[in-house]
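Heads up, the thing below is written out as structure tokens.
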Amino acid sequence: MFDELSSRFEDAVKGLRGEAKISENNINDALNQVKRALLDADVSLSVVKEFISDVKDKAIGEEVVRGVNPGQKFIEVVNKELINIMGNENSPLKENENSPTVILMAGLQGAGKTTATGKLGLYLKEKEKKVLLVAADIYRPAAVEQLQTLGSQYDLEVFSAKEKNSKPEEIAKEALNYANENDFNSIIIDTAGRLQIDDSMMSEMVRIKEVSNPDEVLLVVDSMIGQEAADLTKSFHEKVGISGAILTKLDGDSRGGAALSIRKISGKPIKFIGVGEKIEALQPFHPERMASRILGMGDVLTLVEKAQKEVELADAEAMQKKLQEATFDFNDFVKQMRLIKRMGSLGGLIKLIPGMNKIDEGMIKDGEDQLKKIESMISSMTLEEKQKPEVLAAQPSRRQRIAQGSGYEAKDVDKVLADFQRMRGFMKQMSNGGMPGMGGMPGMGGMPGMGGMPGMGGMPGMGGMSSNKPMKKQKNNKKKKGFADL
Amino acid sequence: MTNADSDNSREWAAQAYALLKKRQEEQKQELEKQEEQKQELEKQEEQKQELEKQEEQKQELEKQEEQKQSLNNSASSENIPEFANTLAEPELGEFDDNFTWSAMVLAAQGKKINQISLDEIDWLTKLRRGLEETRKGFVTELLDKLGDDPLTPESLDDLETLLIRADVGIDSTDKVISALRRKLNEEVVGGEAGIKFLKKELKFIIDKPITNSGTDILVPQKGKLNVWLLVGVNGVGKTTTLGKLAYLSSRSNYKTLIAAADTFRAAAVDQLKIWGERSNVDVISNQSKNADPAAVVFDAINSAKKRNVDLLLVDTAGRLQTKNNLMDELAKIKKIIDKKVPDAIIESLLVLDASQGQNGLKQAKSFAKSANLSGAIITKLDGTSRGGVSLAVSEEVNLPIRFIGAGEGIKDLRPFNSYEFVEALLADK
């Protein structure tokens with residue numbers, strides 16, 4: 001998500017290469033680049049200025065250790081400072097041990113409060129909480145219906161006004177009573193979007209806060225927001241008082257500079273980020289990961305976490321065995337493919353891999369199209385064919401039937417089969433020989449369940465990705481071997 | 001502006017205010033004593049005399065305004081008969097800075113005192129709202145500080161800050177500021193002239209795509225089916241904007257129909273139906289869950305043809321421009337329209353949220369590709385955000401801005417006027 005910003009940083013430090021020491025003279029150009037990059041990322045101007053001056057103070061005079069060039073040193077300073085601003089660690093939600101935990105959602109129109117309310121509800125439900133969603137947006141047409149729809153999707157109870165013309169603070173109060181009577185652990189109050197300069201709406205927010213006495217007041221901010229982020233945060237914090245923020249829509253290509261602004265201005269942490277329309281798409285915010293992303297180091301930790309959440313360990317072991325014995329069949333392939341889908345989009349995953357963040361959206365899409373094609377072919381196979389791909393190699397008439405059934409041509413099927421065989425061989429070698437050629441992807445080794453992911457390495461569907469350099473070499477080597485096997 | 005000048009403007013505004021107040025009172029009386037038509041006639045004559053008198057005063061003032069108008073070539077939004085604004089008159093507020101500023105903007109557009117309507121004042125006040133808290137008197141302060149001195153490099157930095165904070169973006173800001181800097185190198189530029197120059201540059205950027213498009217103000221063409229497709233990322237206000245457009249269009253006597261092609265977001269169709277009811281426009285939707293948006297559009301076109309509709313407004317689901325499958329869906333909708341009604345006039349309008357930053361430019365670029373954009377609408381200009389990214393959008397994507405929205409009321413959408421927009425961007429009082 002911060003890939004463009006990263007590339008700007010890279011440009012910025014180019015000017016520093018070959019210098020022995022960071023000084024007033026050689027740093028200005030780099031700093032200016034950093035400033036532009038941050039502004040381009042929609043970090044609020046006041047925050048940018050402060051950031052730049054802090055970095056300058058810290059960087060100047062840094063002795064450069066042998067083997068480390070000033071550019072690297074500079075990046076390190078910038079990285080540290082970024083983490084510094086965004087808070088040093090992920091801050092979890094507060095919990096109220098005696099009575100239900102009350103979470104109040106606030107923000108501008110269109111920030112994604114209602115969606116975030118639903119997702120947060122699901123997040124808490126997964127933590128074994130009994131969650132009540134409260135629809136206190138009485139202004140926007142059909143806002144209550146939207147929350148109710150989300151509630152029924154996620155199987156969460158939604159509390160809404162019993163009478164027409166109830167005020168939001170009344171709804172909040174009734175919801176609180178209801179939650180107390182019915183043993184709910186967590187209450188999330190969705191409120192109407194409001195402008196921070198709308199005094200009457202802001203004082204309504206204050207009233208809602210007073211009656212609900214929340215444990216958390218979360219400011220929901222669209223990651224696409226511009227310079228406004230600073231004023232918005234300041235006003236909401238001064239007038240209502242926030243305890244944290246949720247940054248939404250980070251699955252787009254916004255650079256999310258707001259993350260810096262919010263933290264710097266309010267001093268309050270970003271607690272979650274929203275990265276997609278799928279259910280599991282609310283993630284805890286990890287400042288160090290965000291900073292790594294800014295600096296183009298990828299985000300392996302999130303990838304691991306995602307994988308761990310989806311992959312049953314036992315499954316992973318079974319899969320590992322299959323891979324080693326090269327008995328990995330089409331059923332397993334489909335299983336793996338579904339697993340990737342559960343983890344979110346292929347593009348979202350690939351971007352988490354270091355060095356892959358510059359990959360073209362089109363390539364990812366080609367890969368996804370390819371996967372879809374394969375899935376439809378597999379659907380046209382008999383049970384026997386799925387379990388024993390070998391029979392397909394032996395009988396062209398079967399391949400012909402599959403081609404017709406899936407709506408592709410025989411040569412497409414042949415190609416997929418060839419790729420599949422190739423992948424089998426590759427996987428086998430990979431699991432025996434410890435990932436040849438995968439050195440460019442730190443963190444990929446020893447990851448449970450990741451070895452067999454068709455989305456990685458020799459995945460047949462990812463032909464479109466072969467332009468990625470570290471993988472290209474690998475692929476070419478394998479190609480020869482793979483065809484020989486078949 | 002010089003003191004004498006601003007005094008005149010203030011006087012002018014005061015007159016406009018008095019006139020409006022008078023007119024409003026008259027309207028009240030009109031309602032109360034409708035049966036007394038005689039009096040009514042007398043009053044009208046009185047009014048005529050009054051107007052003539054004011055005409056004379058006005059002519060004097062006009063001379064002084066001429067220099068102000070020099071940077072206002074084609075900004076007048078006056079000739080928009082098709083989109084006449086009606087509905088209950090807004091309340092006449094206090095005679096305050098908001099009013100004065102609004103009146104001044106109108107005056108600079110060449111409006112006569114008796115042509116000013118409350119709607120316009122109300123609208124401009126909304127556009128200016130929010131400035132108080134964050135950038136109150138930024139430009140004024142700058143000018144005060146300078147006095148009669150010419151612009152300095154430091155004041156250029158201040159102007160740069162102003163533009164960046166309005167989300168104009170670093171590249172576009174650099175461009176206009178360097179233009180000003182070049183001018184400074186050639187001649188001595190006073191504060192007033194410098195800001196005038198800046199406004200001219202900004203206006204030039206934003207007017208260019210409008211001029212290129214050949215249509216100053218976008219209105220449906222009579223006798224043909226006009227299809228306006230509203231696209232954009234999640235949460236920018238597509239549905240709300242569509243509701244306002246439906247109102248504007250049906251009020252202006254276009255037969256209007258809405259297609260609810262946002263089948264994704266929970267309750268989006270309900271929201272649209274409420275808007276439809278408010279402006280008496282039917283909504284075509286598909287009740288089944290996750291219906292194909294293209295199918296909804298298909299149905300809507302059929303009924304539009306049957307009913308001889310002038311304007312079909314299509315609401316689409318919000319989509320981040322990085323989601324290729326959703327962008328493809330948009331292309332599919334577009335294809336269906338092209339196929340079903342080849343002679344329809346299609347406008348693909350990108351809805352941009354004024355509070356968005358530089359991502360707005362990326363949105364414009366991606367949507368331009370998949371939805372073949374023909375224009376943009378900027379929403380939520382009633383907040384503290386200035387929507388400066390639309391400058392980059394105008395410049396780099398050549399998208400004419402067609403409407404601006406400020407506020408949640410059904411009337412809070414107006415045809416775009418670059419003059420008003422730039423004035424609000426750099427509101428100087």
Side-chain angles (χ1 to χ4, degrees), chain A residues 35-37 39-46 48 108-112 114-115 118 139-150 152-153 193 195-198 222-232 235 248-249 251-258 276-277 345 347 361-362 364-365 368, chain B residues 129-134 161 164-171 173-174 233-240 243 264-275 278 318-325 328 353-360 362-363 366 379-380 382-389 408:
Chain A
K35 179 184 167 190
R36 293 182 73 96
L39 281 176
D40 226 19
D42 291 318
V43 179
S44 299
L45 186 62
S46 57
V48 172
L108 293 178
Q109 286 92 340
T114 307
T115 308
Y139 302 99
R140 193 182 65 171
V144 178
E145 285 87 338
Q146 188 187 352
L147 193 63
Q148 272 161 351
T149 312
L150 286 173
S152 65
Q153 264 171 27
L195 286 169
Q196 72 271 25
I197 52 158
D198 189 333
D222 185 335
S223 62
M224 287 176 274
I225 196 167
Q227 293 292 315
E228 177 96 342
D231 290 329
L232 169 80
S235 296
T248 62
K249 304 179 204 172
D251 48 336
D253 54 7
S254 66
R255 295 174 200 161
E277 285 143 25
S345 74
E361 291 288 337
I364 291 170
K365 197 177 158 262
E368 281 172 345
Chain B
R129 214 178 114 191
L131 290 177
E132 285 77 27
E133 302 227 345
T134 48
T161 303
I164 284 175
R165 291 199 52 194
D167 284 318
V168 170
I170 186 89
D171 290 335
T173 300
D174 268 1
V233 301
N234 316 62
V236 288
K238 280 180 299 302
T239 308
T240 307
F264 183 81
R265 195 187 66 185
V269 176
D270 300 313
Q271 189 186 347
L272 208 52
K273 279 187 174 153
I274 295 169
W275 280 110
R278 287 179 187 172
R319 61 204 71 219
L320 293 173
Q321 67 274 23
T322 48
K323 311 269 177 193
N324 277 307
N325 51 340
D328 288 349
D353 180 338
S355 66
Q356 278 173 346
Q358 301 313 303
N359 193 247
K362 285 194 216 159
Q363 289 165 25
S366 314
T379 61
K380 306 187 194 173
D382 50 335
T384 48
S385 306
R386 300 290 102 200
V389 72
E408 287 182 321

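Side chains are part of it too, since the values below use all heavy atoms of this structure and drop only hydrogens, waters and symmetry mates. Since the structure is predicted, the reported quantities are computational estimates derived from the model, not experimental observations. Labels below follow one simple rule: chain letters A, B, ... track the order of the sequence lines, proteins then strands, and each chain is numbered from 1.
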I need the minimum non-hydrogen distance between B:Gln358 and A:Leu39, along with the two atoms involved. CG-O, 4.3 Å
Of B:Ile274, B:Asp270, B:Ile164, the largest count of non-hydrogen pairs under 4.5 angstrom with chain A goes to B:Ile164
Closest non-hydrogen contact found for B:Arg278 with A:Pro141 is NH2-CG, 4.0 Å
Would you name the heavy atoms of A:Leu45 and B:Thr161 that are closest together and state the gap between them? CD2-CG2, 3.2 Å
Looking at side-chain heavy atoms only, is the closest gap between A:Lys249 and B:Val233 below 4.5 Å? no
Where on B:Lys380 is there a heavy atom nearer than 4.5 Å to chain A: the side chain, the backbone, both, or neither? side chain
Value for CG (B:Asp171) from CZ (A:Arg36), rounded to nearest 0.5 Å, stands at 5.5 Å
Between A:Gln227 and B:Arg165 the two heavy atoms that sit nearest each other are CB-O, 3.5 Å
To the closest 0.5 Å, what do you measure between OG (B:Ser355) and CG (A:Asp222)? 7.0 Å
Test side chain to side chain contact (heavy atoms under 4.5 Å, CB included) on A:Ile225 and B:Gln356 and set out the steps. CA-CA 4 Å; A:Ile225 196 167; B:Gln356 278 173 346; over 6 Å; no
Please evaluate residues A:Met224 and B:Gln363 with respect to the criterion side chain to side chain contact (heavy atoms under 4.5 Å, CB included), reporting the C-alpha separation (whole Å), side-chain torsions for both, the decisive distance (0.1 Å), and the verdict. CA-CA 10 Å; A:Met224 287 176 274; B:Gln363 289 165 25; 3.1 Å; yes
When every non-hydrogen atom of A:Glu145 is compared with those of B:Ala267, the smallest separation belongs to CB-CB, 3.4 Å
I'd like to check B:Thr239 versus A:Arg140 (side-chain heavy atoms, cut-off strictly below 4.5 Å). Are they in contact? no
